[in-house]
2 protein chains.
Amino acid sequence: MNITALGYALLGLVRARPRTGYALRKVFETTPMGAFSSSPGSIYPALKKLVNAGLIEKRSKATGGSALHYLTPRGGDMMMAWLRAPVTIDEVASSIDLVLLRFAFLEDAGDDAITRQFLSSFEDAVAHHTRDLEAYLTGPEGQSLSRHGRLAVENGIRGFKAHIQWAAFAKREFCL
Amino acid sequence: MNITALGYALLGLVRARPRTGYALRKVFETTPMGAFSSSPGSIYPALKKLVNAGLIEKRSKATGGSALHYLTPRGGDMMMAWLRAPVTIDEVASSIDLVLLRFAFLEDAGDDAITRQFLSSFEDAVAHHTRDLEAYLTGPEGQSLSRHGRLAVENGIRGFKAHIQWAAFAKREFCL
DNA sequence: CCAACCATGTAAGCTGTTACATGATTGA
DNA sequence: TCAATCATGTAACAGCTTACATGGTTGG
């Protein structure tokens, strides 16, 4: 099965702590993770799909109250594989938000060495893509852009450079 | 009718210069605008929808060759309204790429005063959203984040700050 | 008692993705 | 002649958005 960005967000949240569907919804409503969803119309179906796929289990508490969602062993394996995969250039170019979500969930996916590996491959991928953008801008295609077009690309380059600087900053946090 | 990000990209491209469907496809394949589309399966249907809506007209050349797509007066009006709308916080938070696309197409939408207005409202919206993120991070919610989660939000903040700096840089380009 | 929040969904519609399909033209 | 590129689509499928629908609980 194919897991969407919202799917990974849900898996990561229940992995951190079992929650009710409503609690999950609240996270998207009240935190910057809201970028990955809007309303119940997307969350509940996505959650059900993960349950059907055997990655999440919905279990009622003996003490009553609403049922909580737990990550299954299979779900845990899937998360681990996702979290530990090296960052690719394509990911960085087309869905960097998802890459950052991956980083946010990297806590407890191993020791700090895993985090440093992630940050290194992130740095590489972003640097590579930044060079591509700069090459485009200084190349023949870029020279024929309008002033506004050129500035828009320039904006992208600056954004990716900020990512690179962040990666260096984050690495220092993990004492390297 | 509702225009999608891809729709606006197509409108902006034919506005700059009439093109064949294939030429439009090539733009997405070979430039950073590729972020707004993938393959013919999305472009041709989107183009047809704009034609049906009367925003684009497909006209065959008398000299033969492939038919070109032109922006209609109605399409021009729609673009102008889109281009000149002030930048909102929601746009910045959820689809900043689309905002930058808007900027890229702002050439020929008026004089430099329009561009400066755009940049000012962009700066305001981004600054506001950045403050929201910082407030989240220093607030009770943010304090309970994991180290990774905190760093991920920090990454977002740095990205938006880069946008603000870019806006100042762009303003200087338009002599203000 | 009434508003706000807890809690969970369904249904219609639209869009995009992936994969397939076709045929003309052109340069090596 | 054969591969690449021009040129334009269709069809199945999955996913998200918007809007609607329902009922329980709790604090002021």
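Everything numeric in this text was worked out from a predicted model, so none of it was measured. A note on names: the letters A, B, ... follow the listed sequences, proteins ahead of strands, and every chain is numbered from 1.
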Residue list, salt bridge (Lys or Arg N to Asp or Glu O under 4.0 Å) with A:Arg150, at least two apart or on another chain = none
Taking atom C1' of C:dC14 as reference, at what distance in whole Å does atom CG of B:Asn52 sit?
-> 15 Å
Judged by modelled atom types alone, do A:Ser120 and A:Lys171 share a side-chain donor-acceptor pair under 3.5 Å?
-> yes
Describe the nucleic acid contact of B:Gly21 in one word from base, sugar-phosphate, nothing, applying a heavy-atom distance below 4.0 Å.
-> sugar-phosphate
If we only count heavy atoms from C-beta on, is the A:Leu100 to A:Phe122 side-chain gap below 4.5 Å?
-> yes
Do B:Trp166 and B:Phe160 have ring centres separated by under 6.0 Å?
-> no
Strictly under 6.0 Å, is that where the ring centroids of B:Phe118 and B:Phe103 end up?
-> yes
Does the ring of A:Tyr70 carry A:Arg59 above it, NZ/CZ under 6.0 angstrom from centre and within 45° of its axis?
-> yes
Could you say whether B:Gly41 or A:Gly7 is positioned toward the 5' end of DNA chain D, judged by the nucleotide with the nearest heavy atom to each?
-> B:Gly41
Between C:dT8 atom C1' and A:Glu29 atom CD, what is the distance in whole Å?
-> 13 Å
5' to 3' on DNA chain D, which nucleotides open and close the contacts with chain B (atom under 4.0 Å from a heavy atom)?
-> D:dT5 to D:dT10
Step-by-step side chain to side chain contact (heavy atoms under 4.5 Å, CB included) determination, A:Arg147 to B:Glu107 = CA-CA 8 Å; A:Arg147 187 164 50 156; B:Glu107 187 103 32; 4.0 Å; yes
May I have the distance from B:Lys49 (atom NZ) to C:dT15 (atom C1'), rounded to whole angstrom?
-> 8 Å
Taking atom P of C:dC14 as reference, at what distance in whole Å does atom CG of B:Leu50 sit?
-> 15 Å
Mind listing the residues from residues 11-19 of chain B sitting with a heavy atom below 4.0 Å of DNA chain D? Number order is fine.
-> none
Between atom CG in A:Leu10 and atom C1' in C:dT8, what is the gap in whole Å?
-> 14 Å
Over-ring placement of A:Arg131 relative to A:Tyr136, 6.0 Å and 45° cut-offs | no
For the pair made of OH in A:Tyr44 and P in C:dT8, what is the distance, rounded to whole Å?
-> 5 Å
Mark yes or no: A:Arg158 above the aromatic ring of B:Phe169, with NZ or CZ under 6.0 Å from the six-membered ring centre and no more than 45 degrees from the axis.
-> yes
May I ask you to say what B:Ser39 touches in the nucleic acid, namely base, sugar-phosphate or nothing, with a heavy-atom cut-off under 4.0 Å?
-> base
Write down the distance between CG (A:Leu47) and C1' (C:dA7), rounded to a whole number of angstrom.
-> 12 Å
Short side-chain N/O contact to C:dC5 OP1/OP2 from A:Lys26, under 4.0 Å | no
For B:Met1 and C:dC14, what is the distance between atoms CE and P respectively, to the nearest whole Å?
-> 10 Å
With a 4.0 Å cut-off on heavy atoms, is A:Ser42 in touch with a base, just the backbone sugar-phosphate, or nothing at all?
-> base
